[in-house]
> 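Below: one structure in structure tokens.
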Amino acid sequence: LEGGTLIDGTGRPPTANAVVIVEGSRIKAVGVRGQLAAPSGANVIRLDGRTILPGLIDGHVHLREYQLPMFLPYGVTTIADIHNDTTWSLAQREALKSGRIKGPRMFVSGARVTGPGGPPTTDGSYVRDVAEARAYVRELKTAGVDHIKVDLTITDDQLRAVIEEANAAGLRVLGHTQNIKNAVAMGMKHMEHMDTMARALLVEEGRDPRPAGTTPEAAVNPKLFPPLIAEMVKQQVYVNATLVLSWSGGTERWKDQAALAATLVKDPNLAFVPADV
């Protein structure tokens with residue numbers, strides 16, 4: 001890739017007249033035109049006047065059958081499907097790997113670990129106790145998932161068991177939890193949504209972590225967030241704020257999002273998306 005302006009995602013200034021050498025599925029070298037030469041016989045793609053970005057990652061997807069063609073045109077080269085029918089999700093991943101379907105790399109969790117405190121998972125099941133939670137993680141490992149997704153409907157004892165089993169299997173645990181501090185103390189490092197942080201702060205204040213008539217994020221005092229955020233950074237915890245679903249809806253950015261959506265739905269290239277969506 002020769003001649004474009006490279007923004008590499010590290011925070012360094014953009015590189016003009018960049019050269020990016022790709023070998024197979026890997027970036028082999030990055031430099032500047034005139035200083036880094038393309039290998040003999042390389043397929044040179046001229047990108048003067050254009051911009052080169054790293055592939056974007058959507059770390060929180062519940063994939064639908066019509067969605068796979070939507071990612072690559074917008075620069076999304078990797079997705080994480082975190083809760084779907086296990087067999088179907090694994091089949092989609094394999095079809096992408098083999099090239100039968102064109103689309104991003106996909107990492108999958110299969111159906112999440114759902115506990116007795118909520119609705120059943122995709123196959124109508126849920127784990128009733130610690131032993132079933134452990135067995136379900138082993139079942140998902142055998143099926144070949146890439147990570148384990150938990151729901152906040154499981155108990156603390158079940159969550160601890162899931163983390164232990166996942167660690168033993170070499171799988172990371174991510175998902176929803178009742179209280180981020182409790183989950184991190186058990187060894188969880190990947191959290192979805194902001195409500196888990198808000199509930200932790202409400203509990204600290206001695207308030208109801210599930211306030212009636214509103215959300216935990218709306219009920220919590222925002223001045224309490226900085227120390228908790230600092231603690232999560234110290235513990236190297238990743239929190240996916242789910243920008244579209246939660247964060248933008250809780251800020252004035254929802255207006256920008258609504259305006260963009262109104263434009264996107266008119267794109268004829270998206271005519272395959274179901275009308276109700």
Side-chain angles (χ1 to χ4, degrees), residues 1-9 14-27 30 42-112 122 146-147 149 192-194 240-277:
L1 310 177
E2 186 176 288
T5 298
L6 173 66
I7 300 174
D8 66 10
T15 301
N17 292 315
V19 175
V20 179
I21 296 175
V22 180
E23 185 177 292
S25 62
R26 293 288 176 181
I27 294 172
V30 176
N43 174 29
V44 178
I45 300 173
R46 307 284 182 186
L47 294 176
D48 296 82
R50 305 185 73 177
T51 304
I52 306 169
L53 298 173
L56 303 175
I57 299 171
D58 191 331
H60 189 138
V61 173
H62 301 292
L63 191 67
R64 298 296 176 260
E65 67 279 359
Y66 62 85
Q67 288 179 328
L68 281 175
M70 299 172 70
F71 292 100
L72 293 183
Y74 292 98
V76 179
T77 58
T78 302
I79 61 174
D81 191 12
I82 55 172
H83 181 52
N84 239 320
D85 179 79
T86 303
T87 302
W88 182 82
S89 196
L90 289 167
Q92 299 300 303
R93 185 189 68 184
E94 296 313 307
L96 288 164
K97 278 185 178 181
S98 68
R100 288 177 60 206
I101 298 176
K102 185 177 181 180
R105 285 190 308 172
M106 183 161 77
F107 297 93
V108 305
S109 68
R112 66 192 177 198
T122 55
D146 300 301
H147 44 253
K149 164 73 178 286
E192 299 297 322
H193 303 303
M194 295 297 294
N240 181 354
T242 43
L243 299 182
V244 172
L245 181 67
S246 299
W247 179 78
S248 61
T251 74
E252 289 299 299
R253 293 303 299 273
W254 71 267
K255 296 177 181 178
D256 302 335
Q257 182 181 312
L260 178 61
T263 300
L264 279 176
V265 296
K266 298 174 184 176
D267 185 346
N269 292 319
L270 295 176
F272 63 87
V273 178
D276 59 333
V277 177

> Do L270 and V265 have side-chain heavy atoms sitting under 4.5 Å apart?
no

> Considering only residues two or more places apart or on different chains, which pairs with a residue in residues 48-73 satisfy salt bridge (charged side-chain N to carboxylate O under 4.0 Å, His left out)?
R33-D48

> For K149 and I82, indicate whether the former's side chain and the latter's backbone hold a donor-acceptor pair under 3.5 Å.
yes

> Looking only at non-hydrogen atoms, find the nearest pair between L56 and Y74 and report the distance.
CD1-O, 3.9 Å

> Step by step, work out the salt bridge (charged side-chain N to carboxylate O under 4.0 Å, His left out) result for R93 and D146.
CA-CA 10 Å; R93 185 189 68 184; D146 300 301; 3.1 Å; yes

> Side chains of M70 and V273: does their closest heavy-atom pair fall under 4.5 Å?
yes

> Any heavy-atom pair between the side chains of M106 and L63 that's under 4.5 Å?
yes

> Would you find a donor on one side and an acceptor on the other, under 3.5 Å apart, between the side chain of S89 and the backbone of N84?
no

> Is there a side-chain contact between K102 and L72 in this structure, where contact means two heavy atoms from C-beta onward sitting under 4.5 Å apart?
yes

> Going by salt bridge (charged side-chain N to carboxylate O under 4.0 Å, His left out), name the pairs with one or both residues in residues 15-27, residues two or more places apart or in two chains.
E23-K28

> Given side chains that start at C-beta, do those of T78 and F71 come closer than 4.5 Å, heavy atoms only?
no

> Donor-acceptor check, side chain of D81 to backbone of V108, threshold 3.5 angstrom: yes or no?
no

> Could you tell me which non-hydrogen atom of P54 sits nearest to which non-hydrogen atom of G9, and how far apart they are?
CG-N, 4.2 Å

> Per the side-chain hydrogen bond (donor to acceptor under 3.5 Å, both in side chains) rule, which among H60, E192, H193 passes with T242?
H193

> Where do I52 and G4 come nearest, in terms of heavy atoms and distance?
CD1-CA, 4.2 Å

> Please check this pair: side chain of T5 against backbone of T15, looking for a donor-acceptor N/O pair closer than 3.5 Å.
no

> What is the minimum heavy-atom distance between F272 and Y66, and which atoms define it?
CE1-O, 3.2 Å

> Would you say that more than 12 heavy atoms from the other residues, nucleotides or ligands in this model lie under 6.0 Å from the CD1 of I27, or not?
no

> Please check if the side chain of H62 supplies one atom and the backbone of H83 the other of a donor-acceptor pair under 3.5 Å.
yes

> When you compare the side chain of L68 with that of Q92, does any pair of heavy atoms fall below 4.5 Å?
yes

> Given side-chain contact (heavy atoms from CB on, under 4.5 Å), test V30 with L6 step by step and report yes or no.
CA-CA 9 Å; V30 176; L6 173 66; 3.4 Å; yes

